[in-house]
2 protein chains.
Amino acid sequence: MQVSAAKTHTTRDPRLSRREAKIAALVSEAWELARRDGLAAISLRDLAAAVGLRQPSLYVYFDSKLALYDALFADGYRQLLTYLDDRDYSGTPRDVLVEFTRDLITFASADAVRYQMLFQRPIPGFEPTTESFAFALEFYERATALAGAAGIRAQTDIDLFAAVINGLSHQQVANDPGGHRWADLADRAIDMLLASRPQPT
Amino acid sequence: MQVSAAKTHTTRDPRLSRREAKIAALVSEAWELARRDGLAAISLRDLAAAVGLRQPSLYVYFDSKLALYDALFADGYRQLLTYLDDRDYSGTPRDVLVEFTRDLITFASADAVRYQMLFQRPIPGFEPTTESFAFALEFYERATALAGAAGIRAQTDIDLFAAVINGLSHQQVANDPGGHRWADLADRAIDMLLASRPQPT
DNA sequence: GTCTATACATCGATAGAC
DNA sequence: GTCTATCGATGTATAGAC
């Protein structure tokens, strides 16, 4: 958990990789602070202190506070994609979709603040950059691909699917953080979604 | 919209009611500011200026900023309950539940910030007082009563119902504010929920 | 109830030395 | 790349006159 990479690609340049390691440490500490005080309440002074720097030194690594949020956004989605990579989905498309749903709820439930950042956008004035948003798109493509394989293809079907996944995750995070009360409803939820399609495949 | 009452009961004392009118105006202006800058970014200076006061004068009406948030929380639920009161639900329990769901999504969609305050709790450190939370409980009782009448009574059924309603509202607010793309899915959502119960009534 | 004045903390960001 | 020093803004809250 919380393992992060500052960039997608690796590099051999020792100067660059040291910089990236520092950025990764800053991002990791920022998650820590956000879990303690809330995302919006992260203070650059606290963050700097947590890694043994003074606050102005952070501007070497982030142009602004919004740039830090952008790094968190990208990092969160990178964590999500890695988490999904590490799972191997087997079985019928229906079973795969159930597993995927359960995993997603579990991932959300493991870190409320991260869930907030990825799916609720609670920072007024923050919009992810195109680069960071690409990770979000990658996730949505994977999700719709799995749903499509199980027969959820019409736009209204996808809308309803998205709403149910989102609702389950939210209830899990808000009312039973770290638990699995709503994650356990994943199979029922998928079955009812599949059964509700106007014209079955 | 945004019509608010500072207290549930009315009073004949002209001094008290003037005070209440002022509080209501402050709450209404606070919603306005929150829609502009976000809930967490409400500034007491701005709020005071918006009603022709100086910032310290607000402390005559609210003991602290959290007290203002508490007033907003209570006001939002009062708006929701009033909104539901004004609708007359007729037909089968299933039809009533569909209407209720649609209304809820519409209400949420009409004001993203209000939705945030009532259902997402985005202010770190803010917890509603028992008095204000009573309005929330009143709402949840009405919702579970309507769901129960349609046959949603088991805890897992209620959990799934809550997740679906919540997910539909969230998607509506986040992706189509003011629209009805997810509100239109209410009847399908209710039917699939009713059909998914392990043991039908 | 409203005001002025102010205390006091915290914040993001910049300038410039080293 | 890191630092000290500091700016300028903003924030909540209180004291005390009127």
Side-chain angles (χ1 to χ4, degrees), chain A residues 6-7 11 13-34 36-73 117 122-127 129, chain B residues 6-7 11 13-30 32-34 36-73 122-127 129:
Chain A
K7 295 235 178 172
T11 171
D13 185 329
R15 203 154 25 184
L16 255 188
S17 63
R18 267 171 53 113
R19 177 184 168 85
E20 286 166 18
K22 198 113 187 183
I23 289 181
L26 283 166
V27 165
S28 173
E29 277 298 333
W31 283 123
E32 200 78 45
L33 290 180
R36 203 189 58 190
D37 304 328
L39 262 179
I42 292 179
S43 131
L44 295 185
R45 277 185 172 79
D46 287 356
L47 176 57
V51 297
L53 288 179
R54 306 293 173 143
Q55 175 252 345
S57 305
L58 291 187
Y59 285 79
V60 173
Y61 302 102
F62 301 103
D63 288 342
S64 70
K65 196 179 185 183
L66 290 182
L68 171 65
Y69 284 129
D70 194 56
L72 289 175
F73 182 87
M117 173 57 99
I123 314 288
F126 164 63
E127 287 298 322
T129 58
Chain B
K7 293 237 178 169
T11 171
D13 185 329
R15 201 153 28 184
L16 255 188
S17 62
R18 269 171 51 113
R19 177 184 168 83
E20 284 167 19
K22 198 112 190 186
I23 290 181
L26 283 166
V27 165
S28 173
E29 276 299 333
E32 200 79 43
L33 290 180
R36 204 188 59 190
D37 304 327
L39 261 179
I42 292 179
S43 129
L44 295 185
R45 272 187 177 82
D46 289 355
L47 177 57
V51 298
L53 288 179
R54 307 293 174 142
Q55 175 253 347
S57 305
L58 290 188
Y59 285 79
V60 173
Y61 302 103
F62 301 103
D63 287 343
S64 71
K65 195 179 185 184
L66 290 183
L68 171 65
Y69 284 129
D70 194 56
L72 289 176
F73 181 87
I123 314 289
F126 164 63
E127 286 298 323
T129 59

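Lettering follows sequence order; numbering is per chain, from 1. When reading the values below, keep in mind they use all heavy atoms of this one structure, side chains included, and skip hydrogens, waters and symmetry mates.
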Are any of the side-chain heavy atoms of [X] and [Y] separated by less than 4.5 Å?
| X | Y | value |
| --- | --- | --- |
| B/Val27 | B/Tyr61 | no |
| B/Val60 | B/Leu53 | no |
| A/Leu68 | A/Leu26 | no |

Restricting to salt bridge (Lys or Arg N to Asp or Glu O under 4.0 Å), what partner residues turn up for B/Asp63, sequence neighbours left out? none
Tell me the interatomic distance from [X], atom [atom1], to [N], atom [atom2], rounded to whole angstroms.
| X | N | atom1 | atom2 | value |
| --- | --- | --- | --- | --- |
| A/Leu39 | C/dC11 | CG | C1' | 17 Å |
| B/Asp37 | D/dA9 | CG | P | 18 Å |
| A/Tyr69 | C/dC11 | OH | C1' | 11 Å |
| A/Leu26 | D/dT2 | CG | C1' | 13 Å |
| B/Leu47 | D/dA13 | CG | C1' | 15 Å |
| B/Leu58 | C/dG1 | CG | P | 13 Å |

So which heavy atom on A/Ala71 is nearest to which on A/Phe62, and how close? CB-CE2, 3.7 Å
Main-chain N/O of A/Ile42 paired to A/Lys65 side chain as donor or acceptor, under 3.5 Å: yes
Does a nitrogen or oxygen in the side chain of A/Tyr61 sit under 4.0 Å from OP1 or OP2 of D/dG1? no
Can you check whether A/Ser57 has a side-chain N or O nearer than 4.0 Å to OP1 or OP2 of D/dG1? no
Quick one, give me the B/S/- string for nucleotides 12-18 of chain C, reading 5' to 3', where B means a protein heavy atom under 4.0 Å from the base and S means that only happens at the primed atoms, P, OP1 or OP2. BBB----
